[in-house]
Amino acid sequence: LPAKLPVVSMMVPLFREDDIVPRLIERLGRLDYPKELLDILLVVEEDDAATRAAIARHRLPRWMRVIAVPGGPLRTKPRALNFALDFCKGSIVGVWDAEDKPDPGQITEVVRRFDAAAPDIACLQGVLDFYNSRHNWLTRSFTIDYAIWFRAVLPGLAGLGLVVPLGGTTLFFRREVIEKLGGWDAHNVTEDADLGLRLARHGYRTELIATVTEEEPNSRLVAWLKQRSRWQKGYAVTWASH
């Protein structure tokens, strides 16, 4: 670890996820990074009354705060991230999803890796896994899919120096690089893959790290089809825009 630890800001976008707020706060409380250097931003749409009320029912620790995103004609996760980025205090910024359960030592590992990495390593991508993989055949299939993607395909792409299409969570960036690139594409539903491509086009590299974040996969076929259709649409938009 560096002699002087940096402040790390983590953005957690939430939209109509009032039911998960108690678990989210409890899970983030397990992080072992010094709390005075931890800056957690719960990013909520201004008119999402249910989620904001659920957060208000809890006394947030001093290292966790709410960022209300003002309404507008566009309401997307990347737009919310762009808005919240201006409020981040850290030299390292990252993203988790609301249902995520990050490894308690994850931030410490990220800081250690950035300190040892070359300056052109601008992004670290962690591994995604599931905590209900045995729920049904679809979650089992999801688990196999993610195991291959995050433990074989993405490390292989990174090792070959090719473009790494980022996942939407457990992402960590050098603050100055993400600001130089202008943040996320607010109109792209796979803003993560687009950002991975832009990093590569500007000469930066992404590295995979072994730290794991557990999340909940889709367990219903219709929801899975909608998710994958959205991803394919986003990949097509990314291809067209580049």
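Computation of the quantities below employed the complete heavy-atom set of this structure, encompassing side-chain atoms and omitting hydrogens, waters and symmetry-equivalent molecules.
When the options Leu5, Ile107, Val8, Val7 are evaluated for a side chain to side chain contact (heavy atoms under 4.5 Å, CB included) with Pro34, the one that passes is Leu5. Tested against Lys77 for a side chain to side chain contact (heavy atoms under 4.5 Å, CB included), the candidates Val43, Val95, Asn188 yield a single pass: Val95.
Every side chain to side chain contact (heavy atoms under 4.5 Å, CB included) that Gln232 has, sequence neighbours left out, goes to Tyr235. Annotation: side chain to side chain contact (heavy atoms under 4.5 Å, CB included) contacts of Glu176 (sequence neighbours excluded): Arg174. With sequence neighbours left out, the side chain to side chain contact (heavy atoms under 4.5 Å, CB included) criterion links Ile148 to Ile144, Val153. Looking at residues two or more places apart in sequence or on another chain, you find a side chain to side chain contact (heavy atoms under 4.5 Å, CB included) between Ala223 and Asn218, Arg220. With sequence neighbours left out, Asp39 forms a salt bridge (charged side-chain N to carboxylate O under 4.0 Å, His left out) with Arg65. Among residues two or more places apart in sequence or in another chain, the salt bridge (charged side-chain N to carboxylate O under 4.0 Å, His left out) test is passed with Asp192 by none. Arg201 meets the salt bridge (charged side-chain N to carboxylate O under 4.0 Å, His left out) test with no other residue; sequence neighbours excluded.
By the 30° and 60° cut-offs, the orientation of the rings of Tyr146 relative to Phe130 is tilted.
Considering OG1 of Thr76 and CG of Leu81, their distance stands at 8.5 Å, rounded to 0.5 Å. One distance of note links CG of Leu37 with CH2 of Trp63; it measures 12.5 Å at 0.5 Å rounding.
Note on Trp184: it clusters hydrophobically with Trp231, by side-chain heavy-atom contacts below 4.5 Å among ILVMFWY residues. Leu154 and Val110 fall into different hydrophobic clusters, where Ile, Leu, Val, Met, Phe, Trp and Tyr residues are linked whenever their side-chain heavy atoms come under 4.5 Å apart, directly or through other members. No chain of hydrophobic side-chain contacts below 4.5 Å, direct or via other Ile, Leu, Val, Met, Phe, Trp or Tyr residues, connects Val212 to Ile209. Linking Ile, Leu, Val, Met, Phe, Trp and Tyr whenever their side-chain heavy atoms come within less than 4.5 Å puts Phe142 and Trp137 in one cluster. In terms of hydrophobic clustering, with Ile, Leu, Val, Met, Phe, Trp and Tyr side chains grouped at heavy-atom distances under 4.5 Å, Phe172 and Ile40 are assigned to a common cluster.
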For residues 161-171, which side-chain donor-acceptor pairs fall under 3.5 Å, sequence neighbours excluded?
from: Thr169; atom 1: OG1; to: Asp97; atom 2: N; distance (Å): 3.2
from: Thr169; atom 1: OG1; to: Asp100; atom 2: OD2; distance (Å): 2.3
from: Thr170; atom 1: OG1; to: Thr213; atom 2: OG1; distance (Å): 2.9

I would like to know whether Leu14 and Asp48 meet side-chain contact (heavy atoms from CB on, under 4.5 Å); could you show each step before the answer? CA-CA 9 Å; Leu14 299 101; Asp48 187 357; 5.6 Å; no
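Listed for the Arg198 side chain is no donor-acceptor partner under 3.5 Å among the backbone atoms of His242. In terms of modelled atom types and a separation under 3.5 Å, the side chain of Ser9 and the main chain of Val93 share no donor-acceptor contact. Proximity of a side-chain donor or acceptor of Thr190 to a complementary backbone N or O of Gly234 within less than 3.5 Å is detected.
Applying the ring-ring contact (aromatic ring centres under 6.0 Å, His included) test to every pair with at least one member in residues 76-103, sequence neighbours left out, gives these pairs: Phe83-Phe87. Within the structure, the side-chain hydrogen bond (donor to acceptor under 3.5 Å, both in side chains) test picks out the following pairs touching residues 107-129 (sequence neighbours left out): Asp32-Thr108, Glu109-Arg112, Arg113-Glu207, Asp120-Arg205, Asp129-Arg151. Each salt bridge (charged side-chain N to carboxylate O under 4.0 Å, His left out) pair with one or both residues in residues 228-242, not counting sequence neighbours, appears once here: Asp145-Arg228. Pairs engaging residues 1-26 under the salt bridge (charged side-chain N to carboxylate O under 4.0 Å, His left out) rule: Glu26-Arg30 [sequence neighbours left out].
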